[in-house]
2 protein chains.
Amino acid sequence: MNNATDDLRIHEAPATLRALAVDRLRGAIIAGRFQGGDRLVERTLCDQLGVSRSVVREVIRTLEAEGLVETQARSGPVVARLDWSQARQIYDIRRLLEAEAAADCAFLADAAVKARLRAALAALDTAFAEATPQALYAATTGFYEVIFTAAGHDVAWEIVQRLNGRISRLRAMTLATKDRRTSGPAHMARIAEAICANDPVAAAKAVREHLKDAAEIARKLLETP
Amino acid sequence: MNNATDDLRIHEAPATLRALAVDRLRGAIIAGRFQGGDRLVERTLCDQLGVSRSVVREVIRTLEAEGLVETQARSGPVVARLDWSQARQIYDIRRLLEAEAAADCAFLADAAVKARLRAALAALDTAFAEATPQALYAATTGFYEVIFTAAGHDVAWEIVQRLNGRISRLRAMTLATKDRRTSGPAHMARIAEAICANDPVAAAKAVREHLKDAAEIARKLLETP
DNA sequence: GTTCGTAATATGGTATACCAACATACAGTC
DNA sequence: GACTGTATGTTGGTATACCATATTACGAAC
């Protein structure tokens with residue numbers, strides 16, 4: 001009978017207003033609808049999001065902890081600025097964590113993981129064709145989620161997700177440059193290939209090359225403002 | 001005249017109630033006054049902390065983002081449980097980030113950094129003599145803060161601080177075991193020594209050994225409950 | 001013994017009120 | 001005309017009251 005109750009169980013959380021509002025505001029920041037340094041006036045956000053001040057304040061605390069929002073004393077929350085020094089550090093950390101995860105994933109990957117990885121890669125291709133910040137964010141998140149969870153690196157995945165939120169505002173800018181549109185999926189494919197071949201060394205190397213490339217593009221965008 | 005205005009400038013933020021409450025509650029969790037799985041009832045916390053519900057809710061959002069609190073749907077926030085799988089991952093990530101930071105710090109350290117490092121090490125010794133969770137937390141935080149900020153790894157320092165909050169509940173337990181009290185400061189001294197000698201390789205090695213040791217102690221505590 | 005209803009508790013969400021801090025503009029005084 | 005003081009509006013911080021809902025326990029009815 002356990003099977004039957006499992007099938008009937010409602011898995012989706014009933015999405016609190018707060019969770020929806022966090023997603024909405026995070027999406028707006030990532031999509032570039034708020035610039036770094038823009039003030040986030042509480043009462044204005046209440047109108048824009050259609051929720052009360054309590055919810056807005058809790059949402060701001062959440063995004064503050066994610067590093068997307070900074071609150072200056074007596075002046076209120078503003079969208080965090082992103083400079084090259086921060087972005088470089090973020091790419092450095094991602095390099096460490098993702099290389100390790102890809103290697104472990106390559107070591108552990110079975111047929112099911114490989115199938116999920118190929119599906120994520122296909123979704124990534126269609127997202128790159130669509131070329132909207134939201135679609136790209138969702139697709140890359142899906143791709144790495146397979147790698148990190150298959151490797152058993154839950155905690156690292158939390159961290160990388162948070163870091164990703166902070167730099168994926170770059171993606172909106174990066175979409176303007178043409179080179180990324182080709183090099184991105186190619187690198188991802190190389191990573192997936194190495195994992196499907198159960199080759200940890202090659203997987204880690206592919207990740208490092210991918211991030212070196214992405215960091216280089218970010219540097220060009222940010223270093224001379 | 002610029003000097004005079006600089007001297008008069010007020011640097012300390014006037015500490016919002018929220019910030020105080022976050023520190024207080026985080027401290028209580030780290031000190032072991034709440035066990036993993038304990039429910040954090042909002043209105044009870046209002047009484048215990050002496051603040052309003054708005055503040056408590058925002059505090060909970062902050063600690064939730066730090067990983068110290070988890071909120072289950074329809075049941076409210078509880079203190080996060082810490083199992084060996086999570087702790088092992090945390091030590092793995094710290095090993096990556098701290099080894100890199102120690103190496104960079106050793107590469108960059110000048111006389112001022114070395115002086116601050118020695119001061120932090122001295123503070124650490126007195127904290128180990130005192131042997132309270134709060135003192136140890138503050139002292140180890142101070143020690144690593146010198147290393148990370150001197151290395152210019154601000155972002156990694158944010159992450160490590162957050163991870164530290166999650167595992168420093170172990171320190172309260174670890175204080176019971178006698179071996180840690182000797183091996184801890186000895187390892188820290190080795191790390192400081194390598195940095196003061198501007199030897200990146202030795203610094204990274206010392207960090208890895210320290211964390212290997214700390215993880216081993218944690219494993220003994222957590223693996224068989 | 002099972003089932004149903006109800007009350008207590010806790011939560012999510014909302015609205016509102018109050019206060020302090022800051023900025024701006026406008027007047028008043030020398 | 002320059003400085004000073006005040007009025008006002010906006011904003012963040014805090015507190016409180018209220019409602020709807022979910023969970024749980026308890027007790028009554030069958």
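A note on names: the letters A, B, ... follow the listed sequences, proteins ahead of strands, and every chain is numbered from 1. Note: hydrogens, waters and symmetry copies are ignored here, and every other heavy atom, side chains too, is used.
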In whole angstrom, what separates [X]'s [atom1] from [N]'s [atom2]?
| X | N | atom1 | atom2 | result |
| --- | --- | --- | --- | --- |
| B:Arg53 | C:dA10 | CZ | C1' | 9 Å |
| B:Asp38 | C:dA10 | CG | P | 14 Å |
| A:Leu40 | D:dG12 | CG | C1' | 13 Å |
| A:Arg39 | D:dT11 | CZ | P | 7 Å |

Between A:Ser54 and A:Pro77, just flag the one whose closest nucleotide in DNA chain D comes earlier from the 5' side.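 Per heavy-atom nearest nucleotide, the more 5' residue is A:Pro77.
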Donor-acceptor pair, B:Thr62 side chain versus B:Glu58 backbone, under 3.5 Å?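 Side chain of B:Thr62 to backbone of B:Glu58: a pair is present.
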Using a 3.5 Å distance criterion without hydrogens, assess whether the side chain of B:Asp110 forms a donor-acceptor pair with backbone atoms of B:Val113.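 Judged by distance alone, yes, a pair lies under 3.5 Å.
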Go through residues 42-52 of chain B and report each residue with a non-hydrogen atom lying under 4.0 Å from DNA chain C, sorted by number.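 Heavy-atom contacts with DNA chain C come from B:Glu42, B:Arg43.
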Quick one: pull up CZ in A:Phe143 and CG in A:Leu124 and give me the separation to the nearest 0.5 Å.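 Those atoms lie 7.0 Å apart.
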At what distance, to the nearest 0.5 angstrom, does CD of A:Glu98 lie from CD1 of A:Ile191?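 A:Glu98 atom CD to A:Ile191 atom CD1 measures 7.5 Å (nearest 0.5 Å).
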Using residues 152-160 of chain B as the side-chain source, report each donor-acceptor pair under 3.5 Å to any protein atom, sequence neighbours left out, with the distance given to one decimal.
from: B:His153; atom 1: NE2; to: B:Asp104; atom 2: OD2; distance (Å): 2.8
from: B:Trp157; atom 1: NE1; to: B:Gln161; atom 2: OE1; distance (Å): 3.4
from: B:Glu158; atom 1: OE1; to: A:Arg166; atom 2: NH1; distance (Å): 3.2

C:dG12, OP1 or OP2 - any side-chain N/O from B:Arg57 closer than 4.0 Å?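 Yes.
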Short N-O contact, B:Glu64 and B:Arg61, less than 4.0 angstrom: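 A salt bridge links B:Glu64 with B:Arg61.
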